Amino acid sequence: ARSGRLELAHGVVETPMFMPGGTQGSVKTLHPDELEELGAQIILGNTYHLWLRPGHELIRDLGGLHEFTTWRKPMLTDSGGFQVWSLAKMRKITEEGVQFQNHLDGNKMLLTPELSMEIQASLGSDIAMLFDECPPYPCEKQYAADSLGLTSRWAKRCKDWIVERQPRSGEGRQQHFGIVQGSIYADLREQSARELVELDFDGYAIGGVSVGEPEEEMFRAIDHAVPFLPADKPRYAMGLGTPPQILEMIGRGVDLFDCVMPTRVARHGVAFTLDGPLQVKNAEHARDPAPLCESCHPHVAGFSRAYLRHLFKAGEMLSLRLLSFHNLHFYLRLVAGARTAIAEGTFPEYKESFIRRYQRHQTKTSS
RNA sequence: GUGGUCGUAGCUCAGUUGGUAGAGCCCCAGAUUGUGAUUCUGGUUGUCGCGGGUUCGAGCCCCGUCGAUCACC
C-alpha cells in the first residue's frame, strides 16, 4: 500500500482515492457542493455519453466540462471504449476504430483513438483515458493477445495525437493514462504494461476487470500488471470495486478507483455499512428507529431505517439522494481511513479489521 | 317483480371442445463493479361466492342459493 499526491490542472488529489462516477456530467442525484462536503476530490465524466449528448463541441463552446457542470475540482474522463463495449447495439472493431450503433437513436457512428482524444480535450478533463478495447470474460488467449495488440497500436495513435495537438507541458495540462489489458493472462498483462510504459504516459490504468470474472481472477489481473508499472506514476483500477476489494487493491499498490456500485445500489435500496451491505427495503426495518450505521454522515444520521425504508417503498426521490450520499460517504471515508493508516504504518491492521467486521454477518458469497 | 351480465390470489383480470388453476400489480427476498432511479432474477398467496347434482374427472355443464351490477316493469 502507498499514499501520495496527484497534482492535476484543477487541484490536488490525495491517493488512494475513490472517484465517484459522473457519467453524463452529473453524479446522479447529488449537487457538486454535496460532493465537496463528502470529500470527493475528483469525479468521472464519460466520453461516449457526453459525445452523444449534449455533444463535446457544445460543452467546449460553453467553457468545458468544469464550467458546464460547476464542478471546479479535478475530473477524469473515460475514453468511451467500455461504453461501446457495453451499451452499443452492434459494433464492429476495426484497425481504424469501433463502428457501432449508439444506444440513443441507433445512428451508426465511428469512434477512433484520435476522436476520443479530441472529445476529451474538448471536455477539458484533468485526466483523459486512452481509447482501448475491453475484451470480454471469459476470453480466449489468442483473442486477448490480438486485442492487446490493437489497444497498444491505438495507444501509439493517441500518443501521436497528444504530441501533435498538445505540445505544451506543465501546469494545467491535460494528463493521459494508458490502459493495461491482457485479460487473465500474466504474460499478456506484462506485455501490455511494458508496451504502454514504453510510450510514456502520465499514469496507468488496469482495465478489462469487473467484466464478470471471479474475484480471484480480478486480483490476479491486478497482481500481473502492477509490477511492470512505474512506481512514480499513479495506478488506477478501472471500475472497481466492493469495499473489501478496494482495500485489497490498495494493499496491492493501486492508487485510484472508480465504481458505479455505491451510487447504483443506492438507487436500488442498498446502503453500505461497517457490518456489510444493508437492504434498506427489507421488512425487518419497517419499525427500526436506528440509523443506517454508526459511521453515518450527519446529514443522514438523523434518519431512521424505518423512514428510509418508507421512502423507498413509497418511491420518494429523497431515498435515492440520501442513500447515494451515504454510500459515497462510506467509500470516501474508507479510502480516507486507508490514507491515514498508510501514513501511520497501520494499513494491514486497518484492512484486516475492516474486512473482518464487514464480512462477519455475511452469509452470501460475493462472486 | 322480470330478464341479462358478473362473482377465480390482497388488487385488476385470463382460463381454449369438462382433464385437476395462471398473468400483471402488490408483497417477500436476492442481484448490480470504466453508471441502469423508474432494471433484472427468484419466491409466498387460492375452500375458483356458497350448497347440491351430472361425470372416471367440474373454474367450465345442470339445479338451487347469496352478493354485485345493468335494463325493463
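Sequence lines set the chain letters: A, B, ... in the order given, protein chains first and strands last, and positions in each chain run from 1. Since we're looking at a predicted model, the values are computed, not measured.
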Both distances under 3.5 Å, Watson-Crick or G-U wobble: report the partner of [N], or none.
{"N": "B:U54", "value": "none"}
{"N": "B:C28", "value": "B:G42"}
{"N": "B:G22", "value": "B:C13"}
{"N": "B:A71", "value": "B:U2"}
{"N": "B:C60", "value": "none"}
{"N": "B:U47", "value": "none"}

If you check the [X] side chain, which of [options] turns out closest?
{"X": "A:Ser210", "options": "B:A37, B:U33, B:C28", "value": "B:U33"}
{"X": "A:Leu240", "options": "B:C28, B:U33, B:G34", "value": "B:U33"}
{"X": "A:Cys134", "options": "B:U33, B:G34, B:A29", "value": "B:G34"}
{"X": "A:Lys313", "options": "B:G34, B:U33, B:C27", "value": "B:C27"}
{"X": "A:Leu320", "options": "B:A37, B:U33, B:G34", "value": "B:A37"}
{"X": "A:Lys28", "options": "B:U33, B:A37, B:A29", "value": "B:A37"}
{"X": "A:Thr242", "options": "B:G34, B:U33, B:U32", "value": "B:U33"}
{"X": "A:Ala283", "options": "B:G34, B:U33, B:A29", "value": "B:A29"}

Give the rounded distance in Å between these two atoms: [atom1] of [X] and [atom2] of [N].
{"X": "A:Met261", "N": "B:U33", "atom1": "CE", "atom2": "P", "result": "6 Å"}
{"X": "A:Tyr236", "N": "B:G34", "atom1": "OH", "atom2": "P", "result": "9 Å"}
{"X": "A:Ile206", "N": "B:G34", "atom1": "CD1", "atom2": "C1'", "result": "13 Å"}
{"X": "A:Phe18", "N": "B:G34", "atom1": "CZ", "atom2": "C1'", "result": "11 Å"}
{"X": "A:Glu213", "N": "B:G34", "atom1": "CD", "atom2": "P", "result": "11 Å"}
{"X": "A:Asn327", "N": "B:U32", "atom1": "CG", "atom2": "P", "result": "14 Å"}
{"X": "A:Leu328", "N": "B:U33", "atom1": "CG", "atom2": "C1'", "result": "14 Å"}
{"X": "A:His285", "N": "B:A29", "atom1": "NE2", "atom2": "P", "result": "9 Å"}

Legend entry - Atom C1', compared across B:A9 and B:U47: separation rounded to whole Å: 13 Å

Inset, instruction - Could you measure between the two P atoms, the one in B:G43 and the one in B:G22, and give it in whole Å? - result: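 Those two atoms are separated by 13 Å.
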
Inset, instruction - Please say whether more than 12 non-hydrogen atoms of neighbouring residues, nucleotides or ligands are located less than 6.0 Å from CZ in A:Arg53. - result: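 Counting other residues, nucleotides and ligands, CZ of A:Arg53 stays at 12 neighbours or fewer.
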
Legend entry - Close side-chain approach of A:Leu292 to A:Leu278, heavy-atom, < 4.5 Å: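 The answer is yes; the side chains approach within 4.5 Å.
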
Legend entry - Pairwise side-chain contact, A:Arg360 with A:Arg357, heavy-atom cut-off 4.5 Å (strictly under): yes

Hey, does [X] reach any base, or is it just sugar-phosphate, or nothing, if we go heavy atoms under 4.0 Å?
{"X": "A:Gly80", "answer": "nothing"}
{"X": "A:Thr29", "answer": "nothing"}
{"X": "A:Gln181", "answer": "base"}
{"X": "A:Asp78", "answer": "base"}
{"X": "A:Leu323", "answer": "nothing"}

Legend entry - Residue pair A:Glu118, A:Ser122: steps toward the side-chain hydrogen bond (donor to acceptor under 3.5 Å, both in side chains) verdict: CA-CA 6 Å; A:Glu118 183 178 329; A:Ser122 295; 5.5 Å; no

Inset, instruction - Just say parallel, tilted or perpendicular for the rings of A:Phe303 and A:Tyr307, cut-offs at 30° and 60°. - result: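 Parallel: the ring planes of A:Phe303 and A:Tyr307 meet at under 30°.
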
OP1 or OP2 of [N] under 4.0 Å from side-chain N/O of [X]:
{"X": "A:Gln279", "N": "B:G30", "value": "yes"}
{"X": "A:Lys281", "N": "B:A31", "value": "no"}
{"X": "A:Arg264", "N": "B:U33", "value": "yes"}
{"X": "A:Arg267", "N": "B:A31", "value": "no"}

Legend entry - A:Arg194 vs A:Glu198, salt bridge (charged side-chain N to carboxylate O under 4.0 Å, His left out): CA-CA, chis, key distance, verdict: CA-CA 6 Å; A:Arg194 288 188 186 284; A:Glu198 179 73 17; over 6 Å; no

Inset, instruction - Group every Ile, Leu, Val, Met, Phe, Trp and Tyr by side-chain heavy-atom contacts under 4.5 Å, then state whether A:Leu110 and A:Leu50 land in the same group. - result: no

Inset, instruction - Return the 5'-most residue of the pair A:Asn282, A:Gly315 with respect to RNA chain B, ranking by each residue's nearest nucleotide. - result: A:Asn282

Inset, instruction - Ignoring hydrogens and angles, answer whether the base of B:G34 and the side-chain atoms of A:Asp132 contain a donor-acceptor pair closer than 3.5 Å. - result: yes

Inset, instruction - Kindly say whether the aromatic ring centers of A:Tyr48 and A:His103 come within a distance under 6.0 Å. - result: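 Aromatic pair counts; centres sit under 6.0 Å.
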
